[in-house]
Each structure stands twice: as C-alpha cells, then as structure tokens.
Amino acid sequence: SLIFSKMKEMKRDVSQSDLRLFDALWSQVWILQLLKEWNIRTSKPPTSFVEYSVVLALTLSIFICLWRSMLCKNHTKALPRVALACSGICYLALRGSSSNHVVLQCLVCLAVLEGAVTRDCLRQSSRRLLGILYFITAIAKCNYGWLQREYSCAVLYTVAAGTVLKIKNIPMLEILPYLAIFGEVLLALLFWFWHLISSKWKIILVIIGAIFHCGLALPMPPLSVYPFSALMAPLFALADDRGTEEGDLAALIFGIFCFPLSLAIAMRLVEEEQNLLEYPPYASWRHGLAWCLAAFASVVYRALMRVNKGESNKSKSSLRLSAVILIIIGALPYFGVRTHPTFLMFSNLRIEGASSNHWFFSTQFLHRISLSPALSDVVTVTKAVHLPTVSSMRVDLGQFIRDPALSAANISTEFIISPPSAHWFAANHSLQRSFSTPRLELRRRMSNINKEQTNYFLLEYIDHSLPPDSPRQRVERFQNGTLVADDPSLLEPLHPFVAAIFRFRVFDFDRSPCRH
C-alpha cells in the first residue's frame, strides 16, 4: 500500500517520469552485473579492501537509486544517479570483464555524469549514443564475410533464436544479412533525426529496437548477449521523451517489478543451468532473458501510450564527451590501434593481415590511414604446448553449442572469442587449431611468462614478415630452464602505454567466422 500510494504522488511530477523509468531499469542492470559476483564457480572474490569497498558502494548506490525511483515524490535531484555512475565506473575498472557491453556501460555512466555537471539533456545524450553505436556496428557489417550463409553471424543468431522459439525451417536466410544492415542503418538515422520524425516513426523505432535486442538475447549460451541487450533497455526508455501521465506511471510500475517478476519466471524453469557455458560468466541467462523481455515490454508499452508534446524538438543537438569517445572507439580498428574490445562484435569483419574483407575499406586504404603497423605485422601460431596464455587467445565456444538446427541448415557453429588469459576460467584449454594474430598481441601474451620457472613449453609460429620459404619460428623452454627464442623481442614486455591502448583479436586467413 505504501508503494502504490507513493506511485499516485508521482503523477504530480511527470517531468521526471522518463528518468524514473531509466533509473529503475538501469539500477536493475547493475544488479545483473553483481550476479556475477555470486557465481562461485567462475567468479574471483574481491581480494583487497578497495575491491570490497567498491562492491559495497555499488550495492548501496543501486538500492538508493532504485528506492528513489520507486518511492520519492521529488525526483529532480541527480545525486543518486551520479553516485551510481561513479561507483559503477570504479567497479567496472576493478572487476569488469573485457567485453563490449562493459565499454558501453562506462560510456552511459559518463553520459550521466555529463548530464549532471553540464545540465545537458540526458535523453539527448542517450539518442546520440544509440545513433552512433548503430552506425558503427552497421559499418562493421559491410563486409563479404557477413554475407556468407555458412559463417554469417546474422544467420547463426537467427537460427539459434528460432530454436528457442521452436521455429524450424526459417525461410530466406540469404537475405537476413542485408536486412540486418538495413535495420541498423535505419535505427541510426531515426535516433540521429529524432526531432524530425513523427510520433508513429518513434513508436516503430522502439518496437524494432525491442525485437532486435530481445532476439539477440534469445539464443542459448554461449551465443546469447543478454548483458548487452539488458543495457539497451534503459537507454531506449531514456531516449523517448514524449509522455502521458497514465502511460508513464503504468510503465514505471511494470519496470520496477521487472526484476522480481523475471526472477520468479526463471526459477520456475525446469532446465538445469549448470551445463550452460557463458562468457562473460554471469551464469544467469534465463533470468537475464526474462528480464530483457519484461523490460522491453515496459518500454514498448510506454511508447504506445505516449503522445508528442513537442517541447523537446527545439533542443540543441551537440556531441558530448561520451559520444566523442564512442566515435573514437569505433574508429580505432580501422586506424590499426585495437580490435578488442571494440564494437566489431558479431560482424564477420576481418581487417588484419593485409586481407581486408570490408566493402569500402580495402587493404591499401587501411594501410594508408594506419597509425601503427600492427595490423599488417602478423604471425600464425601453429603449435602451443603448455602455454595456456597463448592457446586461450583463440577459444571456439562453438564446441559448447548443442543445436541440431544449425547442422541441419549447414551453418558453422564456430564462435570465436579472444579472452584475456586471466579471465578465461578453462585453465586446461589446449590449442584447437592454428590461428593468426598481430605480433604485438602475441608478444603481450609471451612477455607475461615467468622466465624464472623451469616448466617446459613450446611455441611455433609463422612470421609473415619473413620470406615464404623461411622455417617456422620457435620459442622453447627446456626442462633444465634454458630458454631459446628465434626472436628474443617476442619476450620483451610492452610499454605500459602500448599495453593499455593496443589490443587485438585473432583471425583466420581462409575464412571469417563469427567472432566476439
């Protein structure tokens, strides 16, 4: 009764109802982030006073922000939201995984801080972030690998989602990659020109986004990207600034109860979770999927119940620091600085090794604009014995996909990730097949080897900067501790600045499968 009496008081102040729903959903996204801390199998507990303090601060900030969005009549102050953004950035810096949704979460935190410091419209910032993000991912998908039916991420995810929905024999799989590119370009344009489109187009935008991101969360792990989809729900809620009191209030009530509702649904499912491998290891796919469906349902309902008031159309458009950083991150791969983690995920793009498969950015063009020789200076690792730091550079999560529909449709289940060695929990992982990578990334892994240990290991690789008939290069440590390297520079540590900025994925010359 207390909750519903407070809800009635909210109708007197609907100017902040958009931010109420954003705060309610965003707080619950952070709760999903903390679920990883409770996964004893894969999570490393905090080991220092600082880490314990950050986790505690984030927990308190989550519930304070959620409490204010639920029960406080005066919600005009941004302090709880700012506190959650500050503690969230600290938490992700110390405990966050190396993934794209973590980068985007940091940018959302920065946008929240910008809105509090500069009094900028936070809704406008969210539209800028969404428009830029969809444009970056659409450009990355403009490659020939994306169109190959056997390896296309679009086909892989569509068939896998169809399996969860019990849909067989999905037609016209060949045109799905084109539709995906068209859809992301359309979303980018609609968000960028939000103030020019009609109310009907805004509703269509929200519905398309909800279907798209719920579809990405549907496939069973390890394919599901529900952490990324979950983060998009509060951004979509924030982007739409039209409203009616009844629609805002109903959507807010629904949004607040998304977390317990989805948790109850997940607990009633009979399938066992222990056989599902997730990366990053949140181990909460069913709960996360149910939450995404409920959260986007509240966002869509809110959009359908809203009318255009018109006062937001005259606001000035500007690029804030969060949007500029997102543009820089999206451009870094093409300038040869880093390919991981950026927003090239699930695009089948290959720009490394002088073998670009992009429609517009040829190898010659990338070479001219490159800021470093990393993308062209590549090696192919052919053997890694007792070297988990190297063998884990290419992990095929497709071995954990059990979907007969993919095999029946002749679709490759290769799903490649390049996790940091410290974050990959399969310690006994062995090299599955040869792979190629920039020499700088291999040097990062090899320079971390303790040269004082006497454990035997062997690394063999092809140096593509040498003549084609050159013998394979070797790095070997014998049982007596003797370390022999054909290229000693491979064992030299990277400069701290280079190690922090430059980072790359693995790739294959002969094909371009789906890669995170």
- prompt: So which heavy atom on Phe22 is nearest to which on Val108, and how close?
  reply: CZ-CG1, 4.4 Å
message: Under a 3.5 Å threshold, yes or no: a donor from one side chain and an acceptor from the other, between Glu114 and Ser322?
response: yes
message: So that I know where these two stand, are His101 and Tyr226 an aromatic pair - ring centroids less than 6.0 Å apart?
response: no
query: What's the verdict on side chain to side chain donor-acceptor pair (under 3.5 Å) for Ser418 and His516, showing C-alpha distance, side-chain angles and the deciding distance?
result: CA-CA 8 Å; Ser418 298; His516 189 272; over 6 Å; no
task: Tell me yes or no: between the side chains of Asn348 and Ser512, is some donor less than 3.5 Å from an acceptor?
output: no
- request: Please step through side chain to side chain donor-acceptor pair (under 3.5 Å) for the pair Tyr91 and Gln33, ending with a clear verdict.
  value: CA-CA 10 Å; Tyr91 172 82; Gln33 183 76 235; 4.6 Å; no
task: Kindly give the heavy-atom pair with the smallest separation between Ser412 and Leu156, and that separation in Å.
output: O-CD1, 3.7 Å
query: Counting only heavy atoms not in Arg511, do more than 12 fall under 6.0 Å of its CZ?
result: yes
query: Under 4.5 Å between any side-chain heavy atoms of Thr413 and Asp403, yes or no?
result: no
- request: List for me each residue that meets salt bridge (Lys or Arg N to Asp or Glu O under 4.0 Å) alongside Arg402, sequence neighbours excluded, and say none if there are none.
  value: none
query: Can you find a heavy atom in the side chain of Arg443 that is under 4.5 Å from one in the side chain of Leu494?
result: yes
- line: Residues pairing under disulfide bond (SG atoms under 2.5 Å apart) where one sits in residues 363-397, two or more places apart or in two chains, turn out to be none
query: Do Phe504 and His340 have ring centres separated by under 6.0 Å?
result: no
- prompt: How close do Asn357 and Gly145 get, heavy atom to heavy atom, and via which atoms?
  reply: ND2-N, 3.6 Å
message: Quick test of your reading of the model: are Asp377 and Arg439 salt-bridged, counting only N-O distances below 4.0 Å?
response: yes
- prompt: Applying disulfide bond (SG atoms under 2.5 Å apart), which residue pairs with at least one partner in residues 458-516 are found, sequence neighbours left out?
  reply: Cys153-Cys514
task: Let me see the working for Leu289 and Met220 under side chain to side chain contact (heavy atoms under 4.5 Å, CB included), right down to the final yes or no.
output: CA-CA 10 Å; Leu289 174 60; Met220 295 184 64; over 6 Å; no
message: Set out, in order, the CA-CA distance, both residues' side-chain angles and the distance that settles side chain to side chain contact (heavy atoms under 4.5 Å, CB included) for Leu187 and Leu130, then state yes or no.
response: CA-CA 8 Å; Leu187 288 172; Leu130 289 170; over 6 Å; no
field: Residues in side chain to side chain contact (heavy atoms under 4.5 Å, CB included) contact with Ala140, at least two apart in sequence or another chain
entry: Tyr334, Leu344, Ser347, Leu349
- line: Ser229 and Leu216 have their tightest heavy-atom pair at OG-CB, 3.8 Å
message: Applying side chain to side chain contact (heavy atoms under 4.5 Å, CB included) to Thr339 and Leu375, what does each step give before you reach the verdict?
response: CA-CA 9 Å; Thr339 59; Leu375 290 183; 4.3 Å; yes
- request: Scan residues 222-231 for pairs that pass salt bridge (Lys or Arg N to Asp or Glu O under 4.0 Å), counting only residues two or more places apart or in two chains.
  value: none
field: Smallest separation among heavy atoms of Ser370 and Gly336, with atom names
entry: OG-CA, 4.1 Å
- prompt: Could you walk me through whether Met393 and Thr437 pass the side chain to side chain contact (heavy atoms under 4.5 Å, CB included) check?
  reply: CA-CA 9 Å; Met393 293 177 68; Thr437 186; 3.8 Å; yes
- line: The side chain to side chain donor-acceptor pair (under 3.5 Å) partners of His358 (sequence neighbours excluded) come to none
field: Any pair counted as side chain to side chain donor-acceptor pair (under 3.5 Å), so long as it reaches residues 146-157, sequence neighbours left out
entry: Arg149-Glu174
Pairs meeting criterion side chain to side chain donor-acceptor pair (under 3.5 Å) with involvement of residues 209-218, two or more places apart: Tyr134-His213
query: So, Phe435 versus Tyr461, ring centres under 6.0 angstrom or not?
result: no
query: Do the non-hydrogen side-chain atoms of Lys383 and Leu459 ever get within less than 4.5 Å of each other?
result: no
With Phe365 via side chain to side chain contact (heavy atoms under 4.5 Å, CB included) - residues at least two apart: Phe361, Ser362, Arg368, Ile369
- request: Taking only Lys NZ, Arg NE, NH1 and NH2, and the carboxylate oxygens of Asp or Glu, determine whether Arg515 and Glu414 approach each other closer than 4.0 Å.
  value: no
field: Qualifying residues under salt bridge (Lys or Arg N to Asp or Glu O under 4.0 Å), relative to Arg350, sequence neighbours excluded
entry: none
Minimum heavy-atom distance between Ala111 and Ser125, given as atom pair plus value: CB-CB, 4.4 Å
message: Using the side chain to side chain donor-acceptor pair (under 3.5 Å) criterion, which residues pair with Ser356? Sequence neighbours excluded.
response: none
- request: Using side chain to side chain donor-acceptor pair (under 3.5 Å) as the criterion, list what pairs up with Asp508, not counting sequence neighbours.
  value: none
field: Audit row: Phe346, Phe228, ring-ring contact (aromatic ring centres under 6.0 Å, His included) steps and yes/no
entry: CA-CA 13 Å; Phe346 318 123; Phe228 190 88; 8.4 Å; no
query: Do Trp291 side-chain atoms and Leu32 backbone N/O form a donor-acceptor pair below 3.5 Å?
result: no
message: For the residue pair Thr380 / His464, report whether a side-chain donor-acceptor contact shorter than 3.5 Å exists.
response: yes
